Amino acid sequence: MIDPQLLRDSPDVIKASLRSRGAQESLVDTALQADAARREAIAAFETLRAEQNVIGKDVAKASGAEKDALLATVKELSTQVKEASARVAEAEEAASSALGALPNLVIEGVPAGGEENFVTLREVGTIPTFAGEVKDHLEIGEALDILDMERGVKVSGSRFYFLKGAGALLEMALTQLGMKVALENGFVPLIPPTLVKPEIMQGTGFLGEHSAEVYHLGEDDLYLTGTSEVALAGYHSDEIIDLTKGPLRYVGLSTCYRREAGSYGKDTRGIIRVHQFQKLEMFSYIDPADAEAEHERLVSWQEQMLQSLGLAYRVIDVAAGDLGTSAARKYDVEAWIPSQSAYRELTSTSNCTTFQSRRLNVRHRPDKGGSTEPVATLNGTLATTRWLVALLETHQQPDGSVLVPEVLQPFMGGLSVISAS
RNA sequence: GGAGACGUCGCAUAGUCCGGCCGAGUGCACCACCCUGCUAAGGUGGAGUCCCCGCAAGGGGACCGAGGGUUCAAAUCCCUCCGUCUCCGCCA
């Protein structure tokens with residue numbers, strides 16, 4: 001949710017942000033009107049309520065004819081109060097949906113435009129070259145018997161898979177490496193629930209534009225999360241947290257579920273786009289003043305991962321029109337995928353500023369004894385199943401084997417090469 | 001799954017039977033000051049969250065798990081939901 005005060009004071013700033021996203025500017029005027037109507041309704045109700053409270057006290061003290069007279073006036077007042085209160089509820093509903101329709105304010109410097117308007121911040125590492133034929137991760141995985149799509153489909157349908165043997169170990173090793181990096185930087189590990197209540201799903205913004213993406217269990221009215229970001233953001237909802245000793249950083253490990261509706265025919269081969277995968281996710285609660293610096297830190301830890309794994313990548317500043325509702329800026333780290341001769345997203349890290357925390361009601365108290373302020377939240381990927389695609393393809397050998405990056409070997413019992421047995 | 005108890009201001013509790021004098025007492029913790037003097041005790045005062053109006057001083061409203069209802073008036077009465085605990089049953 002956008003800061004309502006900002007909406008009132010500087011609607012033009014928000015309009016400019018909407019323009020850069022390619023969204024409707026008129027949303028701002030609608031929200032402004034709804035906000036004004038809401039405040040008007042509140043004022044009307046409170047005036048009546050105050051009067052009712054005063055007379056109510058007199059009723060308690062009075063008796064006899066005097067009491068009957070007071071009762072008559074206050075009865076009339078009571079119906080007015082009820083009506084006014086109903087109008088407040090309506091106006092509040094309208095205002096919150098109008099305000100909720102506004103996406104987060106984009107940070108200055110974010111490229112305007114749609115998906116193709118991203119800006120490449122840097123390219124790092126050497127793009128691998130291969131003497132012979134380049135195999136894709138599925139071909140490699142099947143030949144080594146570490147990735148089994150066929151049986152995944154047999155058991156669960158399309159976009160499901162089995163990781164087997166060294167493949168399963170590789171994913172766990174990657175997770176542990178990420179965990180090591182996170183621990184070194186003060187993150188607290190969390191293994192969160194992957195089924196959440198509607199209000200948490202709503203609060204993190206995934207029931208808006210992503211609603212078709214989300215699995216819902218009707219019987220229990222619970223949602224399967226597509227990222228642990230949901231539970232990590234909900235973790236401190238409705239709390240006043242202490243940031244005086246620095247940011248609260250969590251690293252969440254969870255299985256993620258995505259319906260991938262609307263992506264039929266896209267990335268159907270292999271495990272680039274699947275319904276279920278593992279993800280290690282960083283999440284920071286921080287003073288808004290320090291959010292942009294934290295954003296850079298999150299990216300740097302992601303890059304540290306990619307570098308240590310010997311992957312070539314680029315970092316892009318995602319264009320405003322391609323940002324999620326909650327994000328004020330988003331950096332993607334994209335790894336080189338040899339079989340596609342293209343960079344593909346391996347991580348994504350968003351600065352949600354105070355947008356998410358307003359909705360989830362997460363605050364802190366910057367000054368002792370002072371008032372509360374919303375915190376900033378940021379999230380970023382540290383490892384996912386998709387990384388196996390880049391790892392297998394980049395480190396494939398002419399004989400069909402795959403070299404295991406040195407940093408992963410300790411987590412795989414010292415295994416340095418995955419070869420067909 | 002069956003039976004019962006409970007959910008109050010950071011924590012612990014009073015208040016609910018008999019609706020108004022209860023936005024709410026007490027203890028602990030907290031903050032400021034005083035006293036004393038020394039890793040303690042005592043005294044005084046202050047403290048919650050959210051919203052509305054206001055340049056401000058200030059004024060007003062809401063919040064006793066959540067949501068409805070009854071009533072002029074609800075922490076208190078009624079209903080629904082959520083959660084916690086105890087006992088019994090069942091089970092990885």
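So that the names make sense, note that chain A is the first sequence line, chain B the second, and so on, each numbered from 1. Worth saying up front: this structure is predicted, and the values here are computed from it rather than measured.
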Which whole-number value in Å describes the distance from Gln80(A) CD to U71(B) P?
-> 17 Å
Selected nucleotide, minimal atom distance to Asn53(A) side chain, candidates C52(B), A73(B), G61(B) = G61(B)
Let me know the distance between CZ of Arg365(A) and P of A47(B), rounded to the nearest Å.
-> 14 Å
Whole-Å distance separating the CD atom of Glu46(A) from the P atom of G59(B) = 15 Å
Look at the side chain of Arg39(A) and decide which nucleotide, out of C53(B), C50(B), U49(B), has an atom nearest to it.
-> C53(B)
Can the ring centroids of Tyr285(A) and His236(A) be said to lie less than 6.0 angstrom from one another?
-> yes
Determine which nucleotide pairs with U13(B), using a 3.5 Å limit on both distances of a Watson-Crick or G-U wobble pair.
-> G25(B)
Can you pull every protein N or O that's under 3.5 Å from an N or O on nucleotides 18-24 of chain B?
unit_1	atom_1	unit_2	atom_2	d
G20(B)	N2	Gly56(A)	O	3.4

Pairing partner (Watson-Crick or G-U wobble, both distances under 3.5 angstrom) of G89(B) = none
Whom does C33(B) pair with, Watson-Crick or G-U wobble, provided both distances fall under 3.5 Å?
-> G43(B)
Counting side-chain heavy atoms from C-beta on, which of C72(B), G48(B), C50(B) comes nearest to Arg363(A)?
-> C50(B)
Can you tell me how far P in A62(B) sits from the matching atom in A75(B), rounded to whole Å?
-> 10 Å
Under 4.0 angstrom between Arg49(A) side-chain N/O and G60(B) OP1 or OP2 = no
Determine the contact category for Arg8(A): base if any of its heavy atoms lies under 4.0 Å from a base atom, sugar-phosphate if only primed atoms, P, OP1 or OP2 are that close, otherwise nothing.
-> sugar-phosphate
Are Val274(A) and Tyr161(A) side-chain neighbours, meaning at least one heavy-atom pair lies under 4.5 Å?
-> yes
How far does the C1' atom of G83(B) sit from the matching atom of A66(B), given to the nearest Å?
-> 10 Å
Nearest to the side chain of Arg38(A), which nucleotide is it out of C51(B), U49(B), A73(B)?
-> C51(B)
Answer yes when Arg19(A) and Glu25(A) have at least one side-chain N-carboxylate O distance shorter than 4.0 Å, and no when they do not.
-> yes
Sort me out a list of protein N/O and nucleotides 67-69 of chain B N/O pairs below 3.5 Å, or just none if empty.
none

Val74(A) or Glu40(A), whichever maps to the more 5' nucleotide of RNA chain B | Glu40(A)
So, for Trp301(A) and Phe187(A), is the gap between ring centers shorter than 6.0 Å?
-> yes
Residues Arg297(A), Glu294(A): salt bridge by 4.0 Å N-O rule | yes
What interatomic distance, in whole Å, is found between C1' of U70(B) and the corresponding atom of A12(B)?
-> 34 Å
Can you tell me the distance, in whole Å, between the CE atom of Met1(A) and the P atom of C50(B)?
-> 12 Å
Lys75(A) has its side chain closest, among C72(B), G61(B), U49(B), to C72(B)
Nearest-Å distance, CD (Glu51(A)) to P (G61(B))?
-> 12 Å
Taken to the nearest whole Å, NZ/Lys197(A) to P/C81(B) is 15 Å
Identify which nucleotide among A73(B), U49(B), C52(B) has an atom closest to any side-chain atom of Thr372(A), counting heavy atoms from C-beta outward.
-> U49(B)
Does the side chain of Thr349(A) come within less than 4.5 Å of Thr381(A)'s, by heavy atoms?
-> no
Does His275(A) use its side chain to pair, donor to acceptor, with the backbone of Arg258(A) at less than 3.5 Å?
-> yes
Gap in Å between the two P atoms, one belonging to G67(B) and one to U13(B), rounded | 24 Å
Below 4.0 Å: OP1/OP2 of U71(B) and any side-chain N or O of Ser78(A) | no
Scan every strand shown for a Watson-Crick or G-U wobble partner of C55(B), both distances under 3.5 Å, and answer none if you come up empty.
-> none
Can you tell me, in whole Å, how much space there is between the P of C77(B) and that of A5(B)?
-> 14 Å
Taking any strand in view, what nucleotide pairs with A5(B) in a Watson-Crick or G-U wobble way, both distances under 3.5 Å?
-> U84(B)
Using Watson-Crick or G-U wobble geometry with both distances below 3.5 Å, tell me the partner of C77(B), or none.
-> G69(B)
Can we say Glu281(A) and Lys279(A) salt-bridge, meaning some charged N sits less than 4.0 Å from an Asp/Glu carboxylate O?
-> yes
When rounded to the nearest Å, what value does the distance between C1' atoms of A56(B) and C34(B) take?
-> 32 Å
Write down the distance separating the C1' atoms in A74(B) and U16(B), rounded off to the nearest Å.
-> 11 Å
Nearest-Å distance, CG (Asp238(A)) to C1' (C9(B))?
-> 16 Å
Please lay out, stage by stage, how Glu303(A) and Arg122(A) fare under the test salt bridge (charged side-chain N to carboxylate O under 4.0 Å, His left out).
-> CA-CA 11 Å; Glu303(A) 291 189 61; Arg122(A) 53 191 168 274; 2.6 Å; yes
Using a 4.0 Å heavy-atom cut-off across all strands, classify Gln52(A) as base, sugar-phosphate, or nothing.
-> sugar-phosphate
Please state how far atom CD1 in Ile42(A) lies from atom P in C53(B), giving the value in whole angstrom units.
-> 8 Å
Between Glu213(A) and Arg259(A), is the closest basic N to carboxylate O distance under 4.0 Å?
-> no
Considering only the C1' atoms, how many Å lie between A41(B) and C50(B), rounded to the nearest integer?
-> 39 Å
So, Tyr250(A) versus Tyr235(A), ring centres under 6.0 angstrom or not?
-> yes
Pair assignment for U49(B), Watson-Crick or G-U wobble, requiring both distances under 3.5 Å = A62(B)
Salt bridge flag under 4.0 Å for residues Asp29(A) and Lys15(A) = yes
